[in-house]
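Everything on this sheet refers to the single structure shown next.
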Amino acid sequence: RTERKRLNLLDWILLALILLGILLAVWYFWQHRRAAREGVELVVVMRIPAVERSFLSQSGGEPFAAGSVVRSENGTSALGVVQSVSLREHMTALVRDGALLWEADPYLCDIEVTVHMNALRQGSDGLRVHDLRIAAGGSGNFRFGGWFAAGTEIISVEVLGNEGTE
């Protein structure tokens with residue numbers, strides 16, 4: 001005959017403490033996660049450096065226009081919408097008579113793009129749009145409309161305001 005052991009008072013107290021610990025941990029992480037995620041609107045200025053002017057003349061002057069959707073490198077995440085596109089001189093450093101000079105390159109230009117994005121501010125993790133961290137001084141590969149731009153630099157990030165918490 002098999003004998004079944006019953007739980008004593010100490011066993012019940014230990015089980016209750018373990019359950020209470022698990023519930024407290026879940027509650028803490030739930031509250032911490034909700035409090036740390038704040039939605040914000042951003043205006044991000046990006047620069048696509050050293051674009052060949054001959055390529056731009058073939059595509060009608062601008063490879064994409066305001067209103068184009070900016071996507072991640074692989075195109076799966078929509079990051080924002082282009083507000084404006086402008087062409088800038090691409091400056092090249094050269095040494096002439098022992099002095100460092102900056103001169104506009106006649107064959108290259110930089111494309112400066114202003115993009116409106118909705119991001120999450122996550123405490124010490126900074127501003128994130130989907131899974132990408134957005135910060136001035138950063139760089140990455142993006143799709144502007146149907147145009148892929150490798151080595152795009154993030155020039156500035158301006159926080160416009162909150163869109164509420166999530």
Side-chain angles (χ1 to χ4, degrees), residues 21-94 100-105 107-166:
I22 291 171
L23 290 175
L24 284 174
V26 167
W27 175 81
Y28 173 79
F29 286 115
W30 178 261
Q31 292 299 320
H32 182 70
R33 187 179 138 258
R34 284 183 51 208
R37 295 176 59 168
E38 174 188 0
V40 293
E41 289 184 61
L42 305 177
V43 172
V44 179
V45 178
M46 305 170 115
R47 180 186 316 143
I48 306 167
V51 178
E52 292 183 24
R53 290 184 187 271
S54 61
F55 173 75
L56 289 178
S57 63
Q58 292 172 0
S59 64
E62 290 181 354
F64 52 90
S68 299
V69 176
V70 178
R71 296 187 173 277
S72 59
E73 179 176 6
N74 60 8
T76 57
S77 301
L79 305 175
V81 177
V82 174
Q83 288 184 326
S84 66
V85 179
S86 60
L87 301 179
R88 305 275 187 222
E89 295 292 327
H90 181 76
M91 303 304 283
T92 304
L94 58 110
L100 178 65
L101 300 174
W102 289 93
E103 192 172 277
D105 189 318
Y107 302 106
L108 300 175
C109 68
D110 296 340
I111 301 175
E112 199 167 280
V113 185
T114 304
V115 181
H116 180 267
M117 297 181 179
N118 293 319
L120 289 177
R121 184 188 325 242
Q122 295 180 323
S124 63
D125 202 21
L127 298 167
R128 289 199 169 267
V129 179
H130 293 285
D131 61 340
L132 298 177
R133 185 170 187 270
I134 303 296
S139 64
N141 303 328
F142 300 95
R143 293 183 182 273
F144 297 88
W147 199 65
F148 178 76
T152 301
E153 303 164 347
I154 299 175
I155 303 302
S156 68
V157 177
E158 178 185 353
V159 177
L160 291 181
N162 295 354
E163 57 180 30
T165 56
E166 287 192 11

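- A heavy-atom distance below 4.5 Å is found between the side chains of His90 and Thr92.
- To the nearest 0.5 Å, the span separating CZ on Arg133 from CG on Leu127 amounts to 8.0 Å.
- By the 4.5 Å heavy-atom criterion applied to side chains, Leu79 and Val115 are not counted as neighbours.
- In this structure, the side chains of Phe144 and Thr152 come closer than 4.5 Å at one or more pairs of heavy atoms.
- Nearest heavy-atom pair across Ala136 and Ser156 is CB-CA, 4.1 Å.
- Put simply, the side chain of Leu160 reaches to within 4.5 Å of the side chain of His116, judged on heavy atoms.
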Derivation and outcome, side chain to side chain contact (heavy atoms under 4.5 Å, CB included), residues Ile48 and Trp147: CA-CA 11 Å; Ile48 306 167; Trp147 199 65; 3.5 Å; yes
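- Atom-to-atom distance recorded for Met46:CE and Glu112:CD is 12.0 Å, nearest 0.5 angstrom.
- Considering only heavy atoms from C-beta on, Leu42 comes within 4.5 Å of Val159 through its side chain.
- Note that CE of Met91 is 10.0 Å distant from CG of Asp110, once rounded to the nearest 0.5 Å.
- Residues Met117 and Gly80 approach most closely at CG-CA, 4.1 Å, considering heavy atoms.
- For CD of Glu52, the number of neighbouring non-hydrogen atoms (other residues, nucleotides, ligands) closer than 6.0 Å is 12 at most.
- For the residue pair Cys109 and Leu87, the shortest heavy atom distance occurs at SG-CD2, 4.3 Å.
- For the pair Ile111/Pro63, a side-chain contact is recorded, criterion being any heavy-atom separation below 4.5 Å from C-beta on.
- The two residues Ala119 and Val129 come nearest to each other via the heavy atoms CB-CG2, 3.7 Å.
- Under the 4.0 Å criterion applied to side-chain N and carboxylate O atoms, Arg47 and Glu89 are not assigned as salt-bridge partners.
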Donor-acceptor list for residues 64-73 side chains, cut-off 3.5 Å, not counting sequence neighbours:
residue, atom, partner, partner atom, Å
Ser68, OG, Ala65, N, 3.4
Ser68, OG, Ala65, O, 2.7
Ser72, OG, Asn74, OD1, 3.0
Ser72, OG, Ser77, N, 3.3
Glu73, OE2, Asn141, ND2, 3.2

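- Contact of the Thr76 side chain with the His130 side chain is not registered, since no non-hydrogen atoms from C-beta on lie closer than 4.5 Å.
- For the atom pair CD (Glu158) and CD (Glu41), the distance works out to 11.0 Å, reported to the nearest 0.5 Å.
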